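These notes concern the structure reproduced below.
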Number of protein chains: 2
Amino acid sequence: MRKASITIKEIARQLNVSKSTVSRALRDSPEISEETKKRVIALAESLNYSPNPIALSLLRNRTQTLGIIVPDIANPFFSTAIGGVEDIAYSRGYHTMIYQSHESYERELADTKHIATRRVDGLIVSISSQTENHDHFVELQEQGIPVVFFDRVSETMPSHKVRVDDYKGAYEATEHLISRGCKSIAHIAGPANLSISRNRLKGYQDALTHHGIELHDEWVVSSEYNQAGGTERAYQLMALRNRPDAIFAASDRIAIGVHWALRQLGYRMPDDVAIVGFSDLSISSLLDPPLSSVAQPSFEMGQLAATLLLDLIESKSTPVAFETRVLTSNLIIRKSSMKELVGD
Amino acid sequence: MRKASITIKEIARQLNVSKSTVSRALRDSPEISEETKKRVIALAESLNYSPNPIALSLLRNRTQTLGIIVPDIANPFFSTAIGGVEDIAYSRGYHTMIYQSHESYERELADTKHIATRRVDGLIVSISSQTENHDHFVELQEQGIPVVFFDRVSETMPSHKVRVDDYKGAYEATEHLISRGCKSIAHIAGPANLSISRNRLKGYQDALTHHGIELHDEWVVSSEYNQAGGTERAYQLMALRNRPDAIFAASDRIAIGVHWALRQLGYRMPDDVAIVGFSDLSISSLLDPPLSSVAQPSFEMGQLAATLLLDLIESKSTPVAFETRVLTSNLIIRKSSMKELVGD
DNA sequence: CTGAAAGCGCTTACAG
DNA sequence: CTGAAAGCGCTTACAG
């Protein structure tokens, strides 16, 4: 079916020279005469020759390809980060292969396996929420395929990491709710195996404590990072005898579920319940009332992760030391949390 | 850097047999003794051997990889369709390489070029809105790399195509607005080089005509398929001396921009202006009021496109005839278009 | 300045 | 039943 592509051999035949000469001429080797170079290059162009990257891969044991595993490409946070990775990768002559774990450990395992057999040159990954064991990433790295984490990083595995200051973002979001007069602030945390979930929870707890507010266990619940989880947890929280007057959600997807639930239940936002999310997805500002959220520089995170990975791939020596880059988050205040301050 | 993977040669050495024998044993060839097979397979497993796909690609001139070009992976319509493609591809032993054209013709051209040199086995594509010339796809197909279009198809190029019934979807959406008593219905069309835009426009026009409603040129404007375009066009339409009482947008992204603009301008939906979009993105139902929209089976479109493409790739012979599969769209009515019928 | 040879990891006619 | 050889498309020491 596939039409035979034109090869170096064919050019050599037509020009009555050896394959070696053609190869050298094409790579502009100094040992080839200008005369010959010209003839070779002219014919190559007229034949529309392009070297077979498969052959080069076999030779160099490199594919010029980066793997990237995210839980879900439909999540704008991840698709934007992927955009950042591609931006850097393309400019440095690499291609990107995108995998989705769908928050499944098994799927993530299969993806890393595929990456190993496909001889991808390196991996950028944001861990699935169901993953508790990071051995598959360790193995990949031991095989010589470097791994860089972003956002959902491994705390145990030594490697480059790119993340935002989740703790500070959560702290500020909570402090903001306190400053708007909220007295009973609930938190819907993400799955506990992800460090981002734990850091955000800690930020929430510390903000309350530092402001002399007692922690209530019943106001801290946990959910997958999706809308359905947010809706369920909101029902649960609002059903409490002692219901909260504010909810800080560990992600915008959760917050969107909360938003929907509160509307169904007839609460006014922010007057009855103030809410703040995390990630600042573009749709969040379209809700009514628009959602306050902690913004993350997703595109930059992708760029940075790609840069660190490519430097690792292209460095001859083993890395000096692994580094963790922490980007700053940024609280965006919108109507969903702008509770009127009651004057006295 | 990269640790040497274990090869067939290494297994042969350890077992004191030839590479040929190892290769045959691993592929369970009938000409190898059970005895030898067992030894080879046992060692291969203990060494964690996996065949180098690069070597196979070079041999077979096949990469077991599908290319897919979409304008933007962050658009949920496309990310869902990609999910459908992957679903089928994985189950048939293929991998997917995702490219984004970002609605740019130049980028799309570079992507097809990359696909050709990378020896991808086939391409699934939804055309960029800035593309007027489809020669790059024709060339790819002539080189023996089959192309299947979905959603944004080429009308001129012979190939398999998967799309929805845009005309009927638009017709029904418009008819629905008429049935809710709207008298002056505007349409924000997509870029005219895309057939989906033209078909949706035609559906709108025919619905009006068939119901004896005169067409007004000033009520038909055009926009890129994004939110900013929808906002701009909404401002333009509502500024008219003779302003519309309904807007049918060629996509949900456009409709979301309209929704936002109308809220800014102080119009009530649907009472002042009823709106309907196209695609039924999941966020559309979260808007207040929730957006009516024509739903497209995006996942199924991806699955179908992948199936058609893989059949093409794996068939020995040239395709019998190219087919166009038209899936049915489905109008979802929500509050944004449920204008109260005025009783008499 | 140019060519023959070996090799990347694998498969598969062709011999035996 | 097993092995030696050729070949997929390319690069690069090694000779000349």
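Side chains are part of it too, since the values below use all heavy atoms of this structure and drop only hydrogens, waters and symmetry mates. By convention in this document, chain letters (A, B, ...) are assigned in the order of the sequence lines, proteins followed by strands, and residues within each chain are numbered from 1. All of these numbers come straight from a predicted model, not from anything done at the bench.
Residues that satisfy the salt bridge (Lys or Arg N to Asp or Glu O under 4.0 Å) test with B:Asp87, not counting sequence neighbours, are absent from this structure. With sequence neighbours excluded, the residues satisfying side chain to side chain donor-acceptor pair (under 3.5 Å) with A:Glu103 are A:Ser129, A:Arg152. Taking the salt bridge (Lys or Arg N to Asp or Glu O under 4.0 Å) definition, one finds that A:Arg163 meets it with nothing, sequence neighbours left out. Residues satisfying the ring pair (Phe, Tyr, Trp, His ring centres under 6.0 Å) criterion with B:His134, sequence neighbours excluded, are absent altogether. Partners of B:Ser29 by side chain to side chain donor-acceptor pair (under 3.5 Å), not counting sequence neighbours: none found. Residues forming a side chain to side chain donor-acceptor pair (under 3.5 Å) with A:Lys9 (at least two apart in sequence, or on another chain): none. Evaluation of the side chain to side chain donor-acceptor pair (under 3.5 Å) rule for B:Glu35 yields no partner, not counting sequence neighbours.
Contacts classified as side-chain hydrogen bond (donor to acceptor under 3.5 Å, both in side chains) and involving residues 39-57 of chain A (residues at least two apart or in different chains) are not found. Applying the side-chain hydrogen bond (donor to acceptor under 3.5 Å, both in side chains) test to pairs two or more places apart or on separate chains, those with a residue in residues 67-85 of chain A are A:Asp72-A:Arg253.
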Per-nucleotide protein contact along nucleotides 9-16 of chain C, 5' to 3', at a 4.0 Å heavy-atom cut-off (B base, S sugar-phosphate only, - neither), is BBBBBB--
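Of the residues in residues 36-43 of chain B, B:Thr36 come within less than 4.0 Å of DNA chain D through at least one heavy atom, sorted by number.
DNA chain D forms stems at C:1-3 with D:14-16, C:5-12 with D:5-12, C:14-16 with D:1-3, each a run of 3 or more consecutive Watson-Crick or G-U wobble pairs whose two key distances fall under 3.5 Å.
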